[in-house]
Trainee: 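Got a structure for you, written out below as structure tokens; questions coming shortly.
Note that the structure is predicted; figures quoted are calculated from it, not measured. In this chain, residues are counted from 1 in sequence order.
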Amino acid sequence: LHIAILASIVFLTIYWIIRDRYRVRNLSGKHIFITGCDTGLGNSLAKWLDKKGFCVIAACATEKGSQELRSCSSLSLKTVNLNLADSNSIARAVVFVTEQTAGKGLFGLVSNAEGTAPVGPTDWLRIEDFHSVLDVSLLGLIEVTLKLLPLLKKAEGRVVNLINAKGLMAFVGSGYSLSKWGMEAFSDTLRIEMQHFGVKVSIVEHGFFKAEEVNSHIIEKYLFKLWNRLTPEIRDSYGEKYLVE
């Protein structure tokens with residue numbers, strides 16, 4: 001018994017020593033750029049990293065989101081407006097990040113975005129319904145990553161892509177699941193390619209957050225909107241009972 005206890009203590013000691021070697025030290029001056037910081041996970045993460053001492057650059061989609069985040073954070077946290085569906089907006093944000101890092105490079109990029117998407121059977125949807133989410137939650141995030149790679153390589157930083165695990169379950173037609181699977185594939189490829197430059201690429205698959213829970217009334221509103229624009233032929237093929245049930 002004494003030998004088992006001693007072995008456990010030795011094991012735990014070695015574990016803590018190894019784990020502590022991977023802790024990030026000297027946080028001051030390390031810049032982290034986070035997208036999707038108006039609410040939810042991105043907002044909470046920006047506040048937490050700011051308290052830890054990182055130089056946080058938080059991208060918000062609205063000026064209101066930026067103001068609210070700055071009001072409860074330290075002066076070192078900076079915000080920038082970002083529309084992930086607009087290449088010009090992305091370019092302006094990249095310039096801002098470049099200026100803020102002042103030649104040091106970017107220590108971390110955290111990509112987080114939840115584009116709104118109509119939810120319903122696939123043949124109820126139009127191509128613009130897919131664009132409404134893919135342009136933000138997939139192509140927009142990829143464009144941000146591509147334009148910030150030079151800064152990440154300079155600092156031998158890391159890319160962390162936050163992916164809602166519910167999007168990895170293809171249970172309904174929409175671009176939502178496509179965007180999440182797309183970010184998984186993009187991340188896996190980028191991880192292999194960036195090893196040579198010392199840049200780490202990680203995926204964090206998270207679950208539901210209270211602030212992000214989808215209201216059933218919103219889903220119902222989407223369904224009726226889609227139903228009302230269907231052609232008579234498609235409506236007849238499903239029948240009125242399909243919508244009610």
Trainee: Is F96 reachable from L146 through a run of I, L, V, M, F, W or Y residues, each pair having side-chain heavy atoms under 4.5 Å apart?
Mentor: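 L146 and F96: one cluster.
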Trainee: Can you confirm whether more than 12 heavy atoms, excluding those of W227, are under 6.0 Å from its CH2 atom?
Mentor: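 Atom CH2 in W227 is crowded, with more than 12 foreign heavy atoms closer than 6.0 Å.
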Trainee: What pairs of residues pass the side chain to side chain donor-acceptor pair (under 3.5 Å) test when at least one of them lies in residues 190-205, not counting sequence neighbours?
Mentor: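 For residues 190-205: D188-R191.
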Trainee: So F33 and V80, do their side chains get closer than 4.5 Å, heavy atoms only?
Mentor: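 Side-chain contact under 4.5 Å: yes.
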Trainee: Please determine if R70 and E63 form a salt bridge, counting it only when a charged side-chain N lies under 4.0 Å from a carboxylate O.
Mentor: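 Yes.
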Trainee: In Å and rounded to the nearest 0.5 Å, what is the CG to CG distance from L49 to L77?
Mentor: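 If I round to the nearest 0.5 Å, the distance is 9.5 Å.
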Trainee: Is there a donor-acceptor contact under 3.5 Å from the side chain of S137 to the main chain of L134?
Mentor: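 The answer is no, because no donor-acceptor pair under 3.5 Å joins these two groups.
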Trainee: Looking at every heavy atom in both C72 and K47, which two are closest together, and how far apart are they?
Mentor: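 The answer is SG-CE, 3.4 Å.
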Trainee: Which heavy atom in S89 sits nearest to a heavy atom in N81, and how many Å separate them?
Mentor: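 That closest heavy-atom pairing would be OG-O, 3.9 Å.
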Trainee: Below 4.5 Å, heavy atoms only, C-beta onward: do F107 and R158 meet side chain to side chain?
Mentor: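 In short, these two side chains touch, coming nearer than 4.5 Å.
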Trainee: Got a second to check how far M183's CE is from N112's CG, nearest 0.5 Å?
Mentor: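 Answer rounded to 0.5 Å: 10.0 Å.
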Trainee: Keeping the roles fixed (side chain from R92, backbone from L82), state whether a donor-acceptor pair exists under 3.5 Å.
Mentor: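 It does not hold such a pair.
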Trainee: Has D38 got a side-chain atom pairing as donor or acceptor with C60's backbone, closer than 3.5 angstrom?
Mentor: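 Such a contact is absent between D38 side chain and C60 backbone.
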Trainee: Are the side chains of N161 and L141 in contact, using a 4.5 Å heavy-atom criterion?
Mentor: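 Side-chain contact under 4.5 Å: no.
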Trainee: What are the two closest heavy atoms between V110 and I32, and how far apart are they?
Mentor: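 What the structure gives for the nearest pair is CG2-CG2, 4.0 Å.
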Trainee: Any donor and acceptor pair, going by atom type alone, linking the side chain of N228 with main-chain N or O of F224 inside 3.5 Å?
Mentor: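 Checking the backbone N and O of F224 against the side chain of N228, a donor-acceptor pair under 3.5 Å is found.
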Trainee: Measure across I34 and G42 and return the closest heavy-atom pair with its distance rounded to 0.1 Å.
Mentor: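 So the minimum-distance heavy-atom pair works out to CG2-O, 4.3 Å.
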Trainee: Rounded to the nearest 0.5 Å, what's the gap from CG on N164 to OG on S179? Could you check?
Mentor: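 Answer rounded to 0.5 Å: 9.5 Å.
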Trainee: Hydrophobic clustering (ILVMFWY, side-chain heavy atoms < 4.5 Å, transitive) - are V95 and L151 grouped together?
Mentor: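 No, L151 does not connect to V95 through the hydrophobic network.
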Trainee: Taking atom CG of L84 and atom CD1 of I142, what is their separation to the nearest 0.5 Å?
Mentor: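 Rounded to the nearest 0.5 Å, the CG-CD1 separation comes out at 11.5 Å.
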Trainee: Could you tell me which non-hydrogen atom of R229 sits nearest to which non-hydrogen atom of W124, and how far apart they are?
Mentor: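 The answer is NH2-O, 3.5 Å.
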Trainee: So do the side chains of K30 and K104 get within less than 4.5 Å of each other, counting heavy atoms only?
Mentor: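 No, their side chains stay 4.5 Å or more apart.
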Trainee: Return the CZ to CG distance between R126 and L226, rounded to the nearest 0.5 Å.
Mentor: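 If we round to the nearest 0.5 Å, R126:CZ and L226:CG are 9.0 Å apart.
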Trainee: Evaluate the criterion salt bridge (Lys or Arg N to Asp or Glu O under 4.0 Å) for residue pair E184 and K180; output intermediate values, then yes/no.
Mentor: CA-CA 6 Å; E184 289 264 346; K180 302 311 172 189; over 6 Å; no
Trainee: Report the distance from atom CG of N88 to atom CG of N83, rounding to the nearest 0.5 Å.
Mentor: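 Output value for this atom pair is 10.0 Å.
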Trainee: Apply side-chain contact (heavy atoms from CB on, under 4.5 Å) to residues V201 and F186 and explain how you reach the verdict.
Mentor: CA-CA 10 Å; V201 180; F186 175 72; over 6 Å; no
Trainee: Looking at every non-hydrogen atom in both residues, tell me the closest pair between N43 and C37 and how far apart they are.
Mentor: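 It is ND2-O, 3.0 Å.
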Trainee: Are V97 and H31 close enough that some pair of their side-chain heavy atoms sits under 4.5 Å apart?
Mentor: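 Not touching, per the 4.5 Å side-chain cut-off.
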Trainee: Does a side-chain N-to-carboxylate-O contact under 4.0 Å join K225 and D129?
Mentor: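 Answer for the salt bridge query: no.
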